[in-house]
Amino acid sequence: MKMSALNFTITHRLNGTLARAGVIETPHGTIETPAFIVGGTKATVKAMTPGQVSDIGGQAVLANTYHLMLQPGADIIRRAGGLGAFMHWPEPTFTDSGGYQVFSLGMAYKKGIDATSHSQKGESSLATHNKSQLAKVSDEGVAFRSHLDGSQLFMTPESSMELQHAIGGDIHMAFDELTSPLAGRAYVKEAMDRTHTWAERCLARHQALNNEHTDNGEPLQALYGVVQGGREEDFRRESARFLGARDFDGYGIGGVFEPEEIASVVAWINETLPEDKPRHLLGMGAQPADLFLGVEYGIDTFDCVAPTRQARNGALYTYDGRINIRNQQYGQDFTPVSAECDCYTCLNFSRAYLNHLFKADEMLGATLASIHNERFVVRTVDAIRISIIDGTFAAYKAAFLCRYYGSDKAERFIL
RNA sequence: GCAGGGAUAGUGAAGCGGUCAAACACGACAGACUGUAAAUCUGUUGGCUUAUGCCUUCGGGGGUUCGAAUCCCUCUCCCUGCA
């Protein structure tokens with residue numbers, strides 16, 4: 001008998017687009033899609049309690065294998081009863097494979113070697129770190145140096161799967177290699193081929209581990225293959241075809257960096273992938289355009305750390321665009337961050353109060369700001385889901401983006 | 001009263017004859033952040049400005065010098081000992 005780790009049902013489609021609404025069922029509950037998955041890298045959504053994550057409408061959390069294997073160690077999490085039990089999050093969980101860290105620890109992107117750093121002025125500590133390269137890729141796997149203590153590590157597709165199964169999230173990502181936007185076509189191809197080989201190795205190890213779970217009477221865990229291929233249409237379609245032909249429970253789309261790429265890259269992939277499997281856009285969702293375009297071109301779930309990171313740094317989302325709450329002008333502004341927002345922060349606190357918390361460096365500022373930004377993004381995706389169901393997506397998208405960006409700038413995201 | 005020490009940009013604090021509009025830190029003012037090496041990072045921060053440009057600054061005043069935040073005299077205020 002075939003048991004599946006995950007069920008995905010598409011309930012609505014939007015004519016003339018790749019958009020759909022549906023439900024993902026996991027052993028820890030369901031996710032109504034499209035959905036924004038909250039970033040919980042180190043088994044915590046920074047500055048928020050699980051109760052607060054639940055209150056803002058978060059349906060699932062995504063944690064990171066690399067970070068958790070270093071600290072506290074996958075075995076600790078396994079012994080705690082798995083990721084959800086460990087962090088007191090009873091709802092669905094995802095883990096990322098550590099593949100992103102291959103990229104961010106191993107190559108410089110936007111920090112060290114790109115065109116913007118010609119000035120040589122104040123070099124950030126991150127840029128300095130990038131020069132020292134904490135990761136090296138080979139066909140067998142990736143040699144890492146821990147960013148915490150410098151110790152030598154080696155991660156392979158198999159070890160990533162073993163770690164992810166020990167951590168015990170509901171949905172895992174295959175171990176992949178994403179390439180810098182600066183990489184040439186030849187390297188993009190090489191990395192994609194390696195990602196494909198790794199994906200097959202991940203699948204094999206994953207299925208063996210799931211067999212063990214079955215023997216032990218434990219719930220099955222799901223695995224998404226991760227599509228790569230840079231900005232090259234033929235590679236992206238090839239990657240979607242290759243992975244789509246294999247028995248993954250769903251697909252992650254990796255290596256997308258700019259909102260402008262979403263429409264094209266995601267469309268190539270989602271036209272090619274099997275329709276009946278969920279698709280997760282890895283790491284994108286910092287701004288409304290990402291969300292609208294992603295959904296329009298067939299994305300079911302997103303994750304992004306920007307809402308919480310930007311919140312911690314004082315950038316708050318409003319329907320009229322982003323504001324920096326530290327700015328002087330908010331010091332005497334006793335209105336909420338967004339009058340139309342229904343989050344705990346907006347219902348109870350003023351911009352002036354948040355401005356004070358940030359200037360005084362009080363931790364509550366980070367919490368209230370994170371609650372607001374996460375609610376803003378989750379609610380936006382929820383509203384998008386409703387607009388698919390009732391067929392008003394196009395009008396909703398146009399109105400939302402025009403107001404957020406201004407009609408001039410919004411144009412590039414519409415049509 | 002005597003003997004020492006000190007007063008530097010919003011604050012603290014370097015500098016002790018030229019390379020000083022003056023390090024550094026904090027503060028202030030802006031910006032960035034997309035599978036979190038991020039409660040982080042970047043820029044600006046005397047005035048005028050396009051400026052490798054000019055102007056006004058280092059407690060007040062007066063000197064020495066080609067040249068002073070830096071040396072001398074004096075005044076004001078502060079600190080530390082001894083009376």
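Letters go in sequence order (proteins before strands), and every chain restarts at 1.
- Between the side chain of A:Q287 and the base of B:rU34 there is at least one donor-acceptor pair of N/O atoms closer than 3.5 Å.
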Ring pair (Phe, Tyr, Trp, His ring centres under 6.0 Å) between A:H147 and A:Y66, worked out: CA-CA 10 Å; A:H147 71 278; A:Y66 166 78; 5.6 Å; yes
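- Checking B:rA30, B:rG35, B:rU34 against every side-chain atom of A:N327, the shortest atom distance belongs to B:rA30.
- As a whole-Å value, the separation of A:F358 CZ from B:rG31 C1' is 16 Å.
- Using atom C1' as the reference point in both B:rU57 and B:rU70, the two lie 15 Å apart (nearest Å).
- Spacing of P atoms, B:rA25 relative to B:rU45, comes out at 14 Å, to the nearest Å.
- At the heavy-atom level, A:L62 lies under 4.0 Å from the strands shown only through sugar-phosphate atoms.
- Look at B:rA9: it lacks any Watson-Crick or wobble partner with both distances under 3.5 angstrom.
- Of the listed residues (A:H67, A:H165, A:Q164, A:Q221), just one forms a side chain to side chain donor-acceptor pair (under 3.5 Å) with A:T95, and that residue is A:Q164.
- At the heavy-atom level, A:Q329 lies nowhere under 4.0 Å from the strands shown.
- Nucleic acid contact for A:H67: sugar-phosphate only, since backbone atoms but no base atoms lie under 4.0 Å from a heavy atom of the residue.
- To the nearest angstrom, P of B:rC29 lies 3 Å from NZ of A:K359.
- Which of B:rA37, B:rA32, B:rU34 sits closest to the side chain of A:H147 comes down to B:rA37.
- Base pairing of B:rC48: its partner is B:rG53, meeting the Watson-Crick or G-U wobble criterion (both donor-acceptor distances under 3.5 Å).
- Judged by atom type and distance alone, A:D290 reaches the base of B:rU34 through a side-chain donor-acceptor pair under 3.5 Å.
- Rounded to whole Å, the separation between the P atoms of B:rC2 and B:rC16 comes to 32 Å.
- In this structure, A:F257 and A:F103 have tilted ring planes: the angle between them lies in the 30° to 60° band.
- Between the side chain of A:D176 and the base of B:rG35 there is at least one donor-acceptor pair of N/O atoms closer than 3.5 Å.
- When distances run from any side-chain atom of A:R326 to the nucleotides B:rU34, B:rG35, B:rA32, the shortest one goes to B:rA32.
- For the C1' atoms, the distance from B:rU44 to B:rU36 is 28 Å, rounded to whole Å.
- A donor-acceptor contact closer than 3.5 angstrom links the side chains of A:N210 and A:H213.
- Classified by interplanar angle (parallel below 30°, tilted 30° to 60°, perpendicular above 60°), the ring pair A:Y405/A:F413 is tilted.
- Considering only the side chain of A:Q328, B:rA30 comes nearest among B:rA37, B:rA30, B:rG35.
- Residue contacts for A:G255: at a heavy-atom cut-off of 4.0 Å it reaches a base atom on one of the strands shown.
- Residue-level contact check: A:P307 touches neither bases nor backbone, having no heavy atom under 4.0 Å from any strand.
- For A:T308, whose side chain is taken as the heavy atoms from C-beta onward, the closest listed nucleotide among B:rA39, B:rU36, B:rA32 is B:rU36.
- The partner of B:rC33, taking Watson-Crick or G-U wobble pairs whose two distances both stay under 3.5 Å, does not exist in any strand shown.
- Comparing B:rA38 with B:rU34, their C1' atoms are spaced 13 Å from each other, to the whole Å.
- Comparing the C1' positions of B:rA14 and B:rG62 gives an interatomic distance of 28 Å, to the nearest angstrom.
- Of the candidates B:rU34, B:rA37, B:rU40, B:rU34 carries the atom nearest the A:A286 side chain, counting heavy atoms from C-beta on.
- For A:F376 and B:rU34, the CZ to P distance is 18 Å, given to the nearest whole Å.
- Closest contact between the side chain of A:D96 and the listed nucleotides B:rU36, B:rA30, B:rC33 involves B:rU36.
- Within the shown strands, nothing qualifies as a pairing partner of B:rU64 under the Watson-Crick or G-U definition with both distances less than 3.5 Å.
- No salt bridge links A:R78 with A:E162; every basic N to acidic carboxylate O contact stays at or beyond 4.0 Å.
- Nucleotide B:rC58 forms no Watson-Crick or G-U wobble pair with any nucleotide shown, as no partner meets the under 3.5 Å limit on both distances.
- For the C1' atoms, the distance from B:rA21 to B:rC48 is 14 Å, rounded to whole Å.
- RNA chain B is contacted by both A:Q310 and A:A366; A:Q310 maps to the nucleotide lying nearer its 5′ end (nearest heavy atom per residue).
- At the phosphate of B:rU34, OP1 or OP2 sits under 4.0 Å from a side-chain N or O atom of A:R309.
- Atom-to-atom, CG of A:N313 to C1' of B:rG43 comes out at 16 Å; the value is rounded to the nearest Å.
- Atom C1' of nucleotide B:rA39 and atom CG of A:N324 are separated by 14 Å, given to the nearest angstrom.
- Across all strands shown, B:rA3 pairs with B:rU80; the Watson-Crick or G-U wobble distances both stay below 3.5 Å.
- The main-chain N or O of A:H280 is never found under 3.5 Å from a side-chain atom of A:Y224 such that the two would form a donor-acceptor pair.
- Sequence order on RNA chain B of the closest nucleotides to A:K46 and A:A315 puts A:A315 first from the 5' end.
- Across B:rA9 and B:rA3, the matching P atoms stand 30 Å from one another, rounded to whole Å.
- Following rounding to the nearest Å, A:R322 (CZ) and B:rG31 (C1') show an atom-to-atom distance of 9 Å.
- Counting to the nearest Å, the P atom of B:rA28 and the CG atom of A:N355 are 10 Å from each other.
- No donor-acceptor pair under 3.5 Å is formed between the side chain of A:R20 and the backbone N or O of A:T33.
- Atom NZ of A:K42 is separated from atom C1' of B:rG35 by 15 Å (rounded to the nearest Å).
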